[in-house]
2 protein chains.
Amino acid sequence: MAKIKSTNKATKKEVIAIKAASLFKAKGFNATSMRELADLVGVEASSLYNHIGSKSELLHSICFKIANEFTVHLAQVENSNGNSVKKLQDIISFHIRIMLKKFDEVFVANHEWKHLQEPYLSNFLNQRRSYEKRLIAIVSEGIKNKEIINGEPPIIIFTILSAVRGLELWHRSKKNISEQNLEEGMITQLTTGFIK
Amino acid sequence: MAKIKSTNKATKKEVIAIKAASLFKAKGFNATSMRELADLVGVEASSLYNHIGSKSELLHSICFKIANEFTVHLAQVENSNGNSVKKLQDIISFHIRIMLKKFDEVFVANHEWKHLQEPYLSNFLNQRRSYEKRLIAIVSEGIKNKEIINGEPPIIIFTILSAVRGLELWHRSKKNISEQNLEEGMITQLTTGFIK
DNA sequence: AAAGAAAACTAATAAACGTTAGTTTTGCAT
DNA sequence: ATGCAAAACTAACGTTTATTAGTTTTCTTT
C-alpha cells in the first residue's frame, strides 16, 4: 500500500537524519562527508539519494524539526495560566530536557544552522528572533507584575538562553550528576543565583 | 636587522590570524577557503604561505592565544585575596569583557576547536578541563565558607560558563544596551537570580 | 647603484567532495 | 512464478580544496 511504503520511507529518512545529526555534531556539517554518513548507515553514498534530496536538506530538516518543537512548547506556555516566573522555569526545564533527550539534533540546530541555505537560513533566524522576543515579553510582564527584578529583559533572556544552550559542556561530564539534579540546580541558579 | 624583520613578520602573521578568525567565525573553519582568506588579506592564496605554515596552524594559534589569556587571568584571580564570590564575579566579568573585545577569536576558540589536529586537540581540551576544575574548586571553597549556596559546584560552574560563552547571541542585538549594563546585568542574574 | 632577502605572483597537482547516470539486486503484490 | 517498484550497487562527472614549485617583483641594506 502506498501509505505503508511512504511511512517506511519517512522512517528510513528519519534514521538517516538522526545518524547525520550525530556526525554533524561530532565533526561539523562541512567536515562530514556523504561517504562517512553512508558508512554509518551501512550503504554506499549514492544510495542515500534514494531517500534524501541532498546534504543540505538533511541539515534543514534537523534544524526545523527542533525549532518547531521549541515553538510549539512556547505556545503552550503562553496559553498556560501560571505567573511569569513559573513560565520561565517551565521553559528552562523544557530546554534542559530536550537537550538531554535529543542532544545531537539540538546541538546541530544550535551550532550548525549557519550552514543552512537560503531561504531556510533567513527563515530559521526569523523563527529564532521571534522566539526570543516572545520570551522577552514574558519577562517584561513579570517585571510589570513585580515578580521579577527590574532589569533589562533582554539581558535576562539572553543569559538564560545562553546557559541552557551551552549545556553541551555538561554532556561531557554528566557521569556524576543526575538529570534531575542538573535541572533543579540550573533553575535554582538562574532564578535565585548562587549567593547565600 | 633580524630582530625587526621577525617582529614585522609576526605582525603580518597576526593580521592574517585575525582576519582568519573573522572568517572562521562567520563561516566555520572548514567552510572557509584559503582563497577567501587571501582575498580578505588582499593577496593570492599561495602568498599566505610565506607567513603561515598551514590553515590548521592558523586555527591553533587562535585557539591557544585565547586559551592562554583565560589561564593567565585565572592564575591572577587565584592569587588574589577576595572571597570566593568576588573571585567568581571577577571571572564572569573577565569573560564578558574579553568576549566583547576579541569577539571573533573567542568565538572561534569556543566553537571551532573541534577542528584542531592532534596533538593540539587533546592539549586544548586538557587545558579547558583544567580551567573548569579550578573554577569548581573556587565554588567548593565558597560553599565551605558559607558564602555560596550548598549546591553541586559543577552545575554552578557549567551554568556560568555556558552563560558567558553563549554571549554571541548578545552580539547580534547589542544595539540597545551598553556593555556596562550587560556586564552588571549578567553578574547580578548569575549571582542573585532574577526573582524579586 | 647593486645585492640579497622577503614576499608577491602564476601554474599545477593530487585528493576529496556532492551528486548523477545507468545498472543490478531485493522484496512485496498479484 | 511473474512483474514492478524500491533501493541497492558501480562508475564517473565536474568542482573545489589546501598546498607546492618555480619565477618575478618589491623592499631593505650596503
Side-chain angles (χ1 to χ4, degrees), chain A residues 1-21 23-24 26-63 108 112 114-118 120-121, chain B residues 1-21 23-24 26-63 108 112 114-118 120-121:
Chain A
M1 310 286 120
K3 219 160 206 174
I4 293 177
K5 277 176 190 171
S6 76
T7 301
N8 282 346
K9 185 157 184 177
T11 297
K12 182 91 180 208
K13 189 171 182 170
E14 269 174 36
V15 168
I16 294 175
I18 285 175
K19 303 217 173 197
L23 286 178
F24 292 168
K27 321 192 51 170
F29 176 75
N30 276 282
T32 298
S33 75
M34 295 304 278
R35 287 164 176 85
E36 279 176 299
L37 175 56
D39 266 7
L40 193 61
V41 175
V43 103
E44 290 297 320
S46 57
S47 304
L48 294 173
Y49 289 85
N50 287 322
H51 306 281
I52 63 160
S54 67
K55 188 186 180 187
S56 293
E57 187 201 88
L58 278 173
L59 180 63
H60 70 246
S61 72
I62 293 167
C63 288
V108 169
E112 302 293 321
K114 70 174 66 161
H115 300 111
L116 286 168
Q117 295 178 322
E118 293 292 1
Y120 298 101
L121 178 59
Chain B
M1 311 285 117
K3 217 159 204 174
I4 295 178
K5 277 176 188 170
S6 75
T7 301
N8 283 344
K9 188 158 185 179
T11 297
K12 184 90 179 207
K13 190 171 183 171
E14 270 174 36
V15 168
I16 294 175
I18 285 175
K19 303 217 174 194
L23 286 178
F24 292 169
K27 322 191 54 171
F29 176 74
N30 276 282
T32 299
S33 75
M34 295 303 277
R35 287 163 177 83
E36 280 176 299
L37 175 57
D39 267 7
L40 193 61
V41 175
V43 104
E44 289 298 318
S46 58
S47 303
L48 294 173
Y49 290 84
N50 287 321
H51 304 97
I52 64 161
S54 67
K55 189 185 179 187
S56 293
E57 188 201 87
L58 277 173
L59 180 62
H60 71 247
S61 73
I62 293 168
C63 289
V108 169
E112 302 293 323
K114 68 173 69 163
H115 300 111
L116 286 169
Q117 295 178 321
E118 293 291 359
Y120 298 102
L121 178 58

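Throughout, a chain's letter reflects where its sequence line sits, starting with A, and its residues are numbered from 1.
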**Request:** Kindly say whether, by distance alone, the side chain of A:Asn50 makes a donor-acceptor pair under 3.5 Å with the base of D:dA6?
**Result:** no

*asked:* On the side chain of A:Ser54, is there an atom forming a donor-acceptor pair with the base of C:dT19 - under 3.5 Å, no angle test?
replied: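 By the distance-only test, no, there is no pair.
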
request  = Return the orientation label for the B:Phe29 and B:Phe24 ring planes: parallel under 30°, perpendicular over 60°, tilted otherwise.
outcome  =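 Ring orientation of B:Phe29 relative to B:Phe24: perpendicular.
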
Contact under 4.0 Å: B:Ser47 side-chain N or O vs C:dC9 OP1/OP2: yes

What's the [atom1]-[atom2] distance between [X] and [N], to the nearest Å?
X	N	atom1	atom2	answer
A:Lys55	C:dT20	NZ	C1'	17 Å
B:Glu57	D:dT19	CD	P	10 Å
B:Met34	D:dT16	CE	C1'	15 Å
B:Leu48	D:dT20	CG	P	13 Å
A:Asn30	C:dA16	CG	P	17 Å
A:His115	C:dC17	NE2	P	15 Å
A:Ile16	C:dG18	CD1	P	14 Å
A:Glu36	C:dC17	CD	C1'	11 Å

Q.
Less than 4.0 angstrom from a charged side-chain N to a carboxylate O is my criterion; do B:Lys27 and B:Glu36 meet it?
A. yes

| request: Could you tell me whether B:Glu57 and B:Lys13 have a side-chain N and a carboxylate O separated by less than 4.0 Å? | output: yes

Contacts of A:Arg35 and A:Gly42 projected onto DNA chain D by closest heavy atom; the upstream (5') one is A:Gly42

Nearest of [options] to any side-chain atom of [X]?
X	options	result
B:His51	D:dA18, C:dA8, C:dT19	C:dA8
B:Lys12	D:dA7, C:dT19, C:dA8	C:dA8
B:Val43	D:dA18, C:dC9, C:dT19	C:dC9

Heavy-atom nearest nucleotide on DNA chain C taken for B:Glu44 and for A:Tyr49; more 5' hit belongs to B:Glu44

On a heavy-atom basis, the closest approach of A:Met34 and A:Ile52 is CE-CD1, 3.6 Å

Between the CG atom in A:Leu37 and the CG atom in A:Leu58, the distance rounded to the nearest 0.5 Å is 6.5 Å

**Request:** Pick base, sugar-phosphate or nothing for B:Ser56, based on heavy-atom distances below 4.0 Å to the nucleic acid.
**Result:**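 If one applies the 4.0 Å heavy-atom cut-off, B:Ser56 turns out to touch nothing in the nucleic acid.
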
